[in-house]
**Student:** 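To start, I am sharing the structure in question, which I have written as structure tokens.
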Amino acid sequence: MTSPLDTDIYKDPGVARFYDPSHGWDQKRADFDYCASLAEDAGSVLDLGCGTGELIAALAQDRRAAGVDGAAPMLEIARQRPGGDRVDWVHGDARTVRLDRTFDLIVLTGHAFQVFLTDADQAAALATIAAHLAPDGRFIFDSRDPTYPAPKEQTKDESHRVVEHPELGPTDRWCVSTYDTASQILTYTNTYRVQRTGETNTASDQIRYTPYAELAARIEAAGLTVDRWLGDWHGTPYQPAAKDIIPIGRLA
Ligand SMILES: C[S@@+](CC[C@H](N)C(=O)[O-])C[C@H]1O[C@@H](n2cnc3c(N)ncnc32)[C@H](O)[C@@H]1O
């Protein structure tokens, strides 16, 4: 099985520490808001590929919560955030992990589903969802639509911006990416250069884009069914060439 776990973008602590500052720290994330509203009537939530744990730590205030991630440095940040002590953090692989309990809601946010690069890996992740859903439980995840009419590749100049790290200060950040249309896999390299010291951290990774029909077939094959398809995290119904493909479903 291939996986980004074999590379180091999340496993390299020097890079992982820039995840939160680069992904809208202190800004509202629409995916988190949507999942929080879905969780309102859920007594338990599982976050697969929870990363630095911001969402699941917030949801753990009012319910039982578990967060699974394959990268120790991401979980280290998660454990230390406010509310982190309320979450059951699991260092594990979302394709194979089996907790001995089920959940009312299972979420994969931040396009975590796209880290599964092969059909077998996607099927394995969906099997994990099916194995952990309570009889009336629901799941939700997002995967970018390959037909969305925006460039997938970026150069250093196009992607450069300055992120503010709370301890390290202003940091130049850029992402160089190439897209292979045959495999629908994007390969990207993130670089962070701390302005004050010049310290530079670089890591590469890959994500897969999956067409809607293929995703729908794979979800069904996993014994799951989709009640609603969204095209973004604001609740817009899915239609072709949407930004995202977001299934909300349950056990078939
Ligand atoms: C794009 S980040 C999303 C993090 C978080 N869900 C968010 O919304 O910010 C993807 C996460 O998936 C994790 N990951 C990658 N492959 C994994 C696997 N096979 N099992 C569990 N976690 C994995 C990475 O370590 C990373 O934290």
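Sequence positions, counted from 1, serve as the residue numbers for this chain. What you see below is based on every heavy atom in this structure, not just the backbone, and it leaves out hydrogens, waters and symmetry mates. Indexing begins at 1, ligand by ligand and atom by atom, following the structure's order.
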**Student:** May I ask you to list the atoms of ligand 1 that are less than 4.0 angstrom from any heavy atom of Phe116?
**Tutor:** 19 (N)
**Student:** Are Phe103 and Phe139 close enough that their ring centers fall under 6.0 Å?
**Tutor:** no
**Student:** Between Asp69 and ligand 1, does any nitrogen or oxygen pair lie at a separation below 3.5 Å?
**Tutor:** yes
**Student:** Check this for me - ligand 1, Asp47, N or O atoms closer than 3.5 angstrom, yes or no?
**Tutor:** no
**Student:** Tell me whether Leu75 is reachable from Ile77 by hopping between hydrophobic residues (I, L, V, M, F, W, Y) whose side-chain heavy atoms are closer than 4.5 Å.
**Tutor:** no
**Student:** Using the ring of Phe18 (Phe, Tyr or Trp, six-membered ring only), decide whether Arg173 places NZ or CZ under 6.0 Å from its centre and within 45 degrees of its axis.
**Tutor:** no
**Student:** Are any of the heavy atoms in Gly53 under 4.0 Å away from ligand 1?
**Tutor:** no
**Student:** Go through ligand 1 atom by atom and flag the ones less than 4.0 Å from a non-hydrogen atom of Asp93.
**Tutor:** 18 (C), 19 (N), 20 (N)
**Student:** Polar-atom distance check: Met74 versus ligand 1, any N or O pair below 3.5 Å?
**Tutor:** no
**Student:** Does Gly49 reach ligand 1 with a nitrogen or oxygen that is under 3.5 Å from one of the ligand's nitrogen or oxygen atoms?
**Tutor:** yes
**Student:** Quick check on contacts: which atoms of ligand 1 are under 4.0 angstrom from a heavy atom of Ala71?
**Tutor:** 25 (O)
**Student:** Does the residue Val68 have a heavy-atom contact with ligand 1, meaning some pair of atoms that are separated by less than 4.0 Å?
**Tutor:** no
**Student:** Taking heavy atoms and a distance under 4.0 Å, where does Thr109 meet ligand 1: side chain, backbone, both or neither?
**Tutor:** both
**Student:** Does even one non-hydrogen atom of Arg29 get within less than 4.0 Å of ligand 1?
**Tutor:** yes
**Student:** How about Trp229 and Tyr212: are their ring centroids closer than 6.0 Å?
**Tutor:** yes
**Student:** Using heavy-atom distances, let me know which of Gly70, Gly110, Pro73 sits nearest atom 23 (C) of ligand 1.
**Tutor:** Gly70
**Student:** Gly92 heavy atoms, cut-off 4.0 Å: which ligand 1 atoms fall inside?
**Tutor:** 20 (N), 21 (C)
